[in-house]
Amino acid sequence: MIRIENVSFKHRTTPILTDVSLTIPKGGVVALIGPNGAGKSSLLSLVARLQPLQAGAIDIDGLPVDTTPGRELARVVAILRQDTTVASRLKVRELVGFGRFPHGRGRLIEADHAIIDAAIAQFDLADLADRFIETLSGGQRQRALVAMAFAQGTDYLLLDEPLNNLDMYYARELMRSLRSVADGKGKTVVIVLHDINQASAHADRIVAMKGGRVVADGTPAEILTPETLEAVFGFRMRVETIADKPFVLHQL
């Protein structure tokens with residue numbers, strides 16, 4: 001379980017998050033939605049201790065993120081940020097292998113190679129495994145980065161806008177893969193999405209943020225209503241139910 005209590009965060013004097021409290025049970029897919037500047041990425045960074053806590057408390061399975069040793073925390077939670085940069089002369093298999101660093105400090109054993117192979121297969125990278133990163137498209141590179149985070153072998157996977165650069169087919173396939181690892185392997189996936197319909201199709205729960213606060217939290221059917229979406233994004237949207245799921249069609 002991820003427990004976030006009364007978390008506030010400022011950049012210099014600018015408030016980014018204000019009194020955020022949230023509990024995310026183990027297992028399933030949780031989508032964070034909201035306009036730019038809502039604080040979604042900052043919240044993920046605080047959970048993964050990429051930024052120091054300023055106020056409030058966060059723990060993961062009882063481990064306080066601000067005091068738990070980094071190597072121990074890295075075995076519990078993995079994060080993929082929007083701005084991840086990698087060396088171009090790495091091959092895909094080598095990049096995915098970096099996910100095993102918290103476990104062996106770069107000394108890979110047979111079990112690590114098996115996990116790397118499984119991550120490559122899970123995210124449909126087998127045909128690209130021996131390609132250099134610099135030869136990949138933006139979408140292919142993004143899938144390799146998600147596979148690297150997955151290969152870390154943590155129970156919690158935090159992904160900040162992983163659908164960036166993916167076409168419609170691979171966006172759907174990536175979300176299906178993440179749904180699969182949540183259902184089949186008991187992982188907890190917390191994912192920042194701008195595609196609300198992908199959130200509806202694949203998430204168990206949607207947390208909507210605006211202005212550094214959580215403004216709505218519930219199932220897709222509870223959150224994806226014209227009224228709630230207008231409150232979050234500032235304009236009216238048409239929502240229709242298709243196959244028992246709500247989908248946003250267009251602005252009214």
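Screening residues 24-47 for ring-ring contact (aromatic ring centres under 6.0 Å, His included), with sequence neighbours left out, gives no hits. Under the salt bridge (Lys or Arg N to Asp or Glu O under 4.0 Å) criterion, the residue pairs touching residues 148-167 are Lys26-Asp155, with sequence neighbours excluded. Within the structure, every pair that satisfies the side-chain hydrogen bond (donor to acceptor under 3.5 Å, both in side chains) test and touches residues 139-153, not counting sequence neighbours, is listed here: Ser137-Gln140. Every pair tested for ring-ring contact (aromatic ring centres under 6.0 Å, His included) that includes a residue from residues 164-202 fails, sequence neighbours excluded, so the list is empty.
In this structure, NE2 in His103 is found 9.0 Å from CZ in Arg71, a value given to the nearest 0.5 Å. The line from CG of Leu163 to CG of Leu178 is 8.0 Å long, rounded to the nearest 0.5 Å. A distance of 8.5 Å separates CG in Leu46 from CD1 in Ile4, rounded to the nearest 0.5 Å. Of the inter-residue distances, the one linking Arg172 atom CZ with Leu174 atom CG reads 12.0 Å to the nearest 0.5 angstrom. The CD1 atom of Ile16 lies 12.0 Å from the NZ atom of Lys40; values are rounded to the nearest 0.5 Å. Distance check, rounded to the nearest 0.5 Å: CD1 of Ile2 to CG of Leu22 gives 8.5 Å.
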Residue pair Val76, Thr154: steps toward the side-chain contact (heavy atoms from CB on, under 4.5 Å) verdict: CA-CA 5 Å; Val76 176; Thr154 60; 5.6 Å; no

Lys185 vs Phe150, side-chain contact (heavy atoms from CB on, under 4.5 Å): CA-CA, chis, key distance, verdict: CA-CA 11 Å; Lys185 296 179 170 58; Phe150 176 73; 4.0 Å; yes

side-chain contact (heavy atoms from CB on, under 4.5 Å) assessment of Glu94 paired with Phe98: CA-CA 7 Å; Glu94 294 170 327; Phe98 282 165; 5.6 Å; no

Step-by-step salt bridge (Lys or Arg N to Asp or Glu O under 4.0 Å) determination, Arg205 to Asp217: CA-CA 7 Å; Arg205 175 181 173 192; Asp217 180 2; 2.8 Å; yes

Trace of the side-chain contact (heavy atoms from CB on, under 4.5 Å) decision for Ile191 with Val30: CA-CA 6 Å; Ile191 180 170; Val30 178; over 6 Å; no

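Not a single side-chain contact (heavy atoms from CB on, under 4.5 Å) links Thr241 to another residue, sequence neighbours left out. Checked against salt bridge (charged side-chain N to carboxylate O under 4.0 Å, His left out), Glu240 has the following partners two or more places apart in sequence or in another chain: Arg238. Taking the side-chain contact (heavy atoms from CB on, under 4.5 Å) definition, one finds that Glu72 meets it with Leu63, Thr68, Pro69, sequence neighbours left out. Every residue meeting the side-chain contact (heavy atoms from CB on, under 4.5 Å) condition with Thr228, not counting sequence neighbours, appears here in chain and number order: Ala216, Ile223, Thr225, Val232. For Glu5, the side-chain contact (heavy atoms from CB on, under 4.5 Å) partners are Arg3, not counting sequence neighbours.
Checked for salt-bridge contact, Arg176 and Glu173 meet the test: a charged N lies under 4.0 Å from a carboxylate O. Electrostatic pairing of Arg93 and Asp117 counts as a salt bridge here, judged by a charged N lying under 4.0 Å from a carboxylate O. Here Arg49 does not pair with Asp66 in a salt bridge; the nearest charged N to carboxylate O distance is not below 4.0 Å.
When all heavy atoms of Val146 and Pro162 are compared, the pair lying nearest together is CG2-CB, 4.1 Å. Nearest heavy-atom pair across Ala199 and Ile206 is CB-CD1, 3.9 Å. Across every non-hydrogen atom of Val29 and Ala182, the tightest pair is CG2-CB, 3.8 Å. Closest non-hydrogen pair, Leu44 versus Val190, comes out as CD2-CG1, 3.9 Å. Contact detail for Pro246 and Val239: the closest heavy-atom pair is CB-CG1, 3.8 Å. Scanning all heavy atoms of the two residues, the minimum distance from Leu80 to Ala149 falls at CB-CB, 4.4 Å.
Contact annotation: the side chain of Ile133 approaches that of Val92 to within less than 4.5 Å [non-hydrogen atoms, C-beta and beyond]. In this structure, the side chains of Ser41 and Gln82 come closer than 4.5 Å at one or more pairs of heavy atoms. A heavy-atom distance below 4.5 Å is found between the side chains of Val7 and Ile58. Residues Leu159 and Ile79 are not in side-chain contact: their nearest non-hydrogen atoms beyond the backbone lie 4.5 Å or more apart. Looking only at side-chain heavy atoms (C-beta outward), Gln51 and Ser45 come within less than 4.5 Å of each other. Contact check for Leu90 versus Phe132: no side-chain heavy atoms found under the 4.5 Å cut-off. Using a 4.5 Å heavy-atom threshold, the side chains of Val47 and Leu158 count as touching. Side-chain atoms of Leu224 and Ile196, non-hydrogen and from C-beta on, do get closer than 4.5 Å to each other.
Judged purely by atom type and a 3.5 angstrom limit, Asn6 has no side-chain atom pairing as donor or acceptor with the backbone of Gly56. Asp183 contributes no side-chain N or O that, together with a main-chain N or O of Ser180, makes up a donor-acceptor pair within less than 3.5 Å. Proximity of a side-chain donor or acceptor of Lys210 to a complementary backbone N or O of Ala231 within less than 3.5 Å is detected. One N or O on the side chain of Asp61 and one on the backbone of Met1 form a donor-acceptor pair closer than 3.5 Å. A donor-acceptor pair is defined here as one N or O able to donate and one able to accept, closer than 3.5 Å; such a pair exists between the side chain of Arg100 and the backbone of Ala151. With hydrogens and angles disregarded, no donor-acceptor distance shorter than 3.5 Å links the side chain of Lys187 to the backbone of Gly28. A donor-acceptor pair is defined here as one N or O able to donate and one able to accept, closer than 3.5 Å; no such pair exists between the side chain of Glu230 and the backbone of Glu227.
Side-chain contact annotation: Ser8 with Gln54, donor-acceptor N/O pair under 3.5 Å absent.
Taking Ile, Leu, Val, Met, Phe, Trp and Tyr as hydrophobic and joining them when side-chain heavy atoms fall under 4.5 Å apart, one finds Ile242 in a cluster with Phe247. Side-chain contacts under 4.5 Å among hydrophobic residues (ILVMFWY), followed directly or transitively, place Met168 with no other residue at all.
Note on Val192 and Val214: same hydrophobic cluster, where clusters join Ile, Leu, Val, Met, Phe, Trp and Tyr whose side-chain heavy atoms are under 4.5 Å apart, directly or indirectly. If you chain together hydrophobic residues whose side chains sit under 4.5 Å apart, Leu157 and Val77 never meet in one group. Linking ILVMFWY residues whenever their side-chain heavy atoms come closer than 4.5 Å, directly or via other members, leaves Met148 and Tyr156 in distinct clusters. Ile60 and Val181 are members of different hydrophobic clusters when ILVMFWY side chains are connected at heavy-atom separations under 4.5 Å. Connection of Ile24 to Leu53 is established within a shared hydrophobic cluster, with ILVMFWY side chains joined at heavy-atom distances below 4.5 Å, either directly or through further cluster members.
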Which side-chain N or O atoms in residues 121-131 pair as donor and acceptor under 3.5 Å with protein atoms at least two apart or in another chain?
{"residue": "Arg131", "atom": "NE", "partner": "Thr135", "partner atom": "OG1", "Å": "2.9"}
{"residue": "Arg131", "atom": "NH2", "partner": "Thr135", "partner atom": "O", "Å": "2.8"}

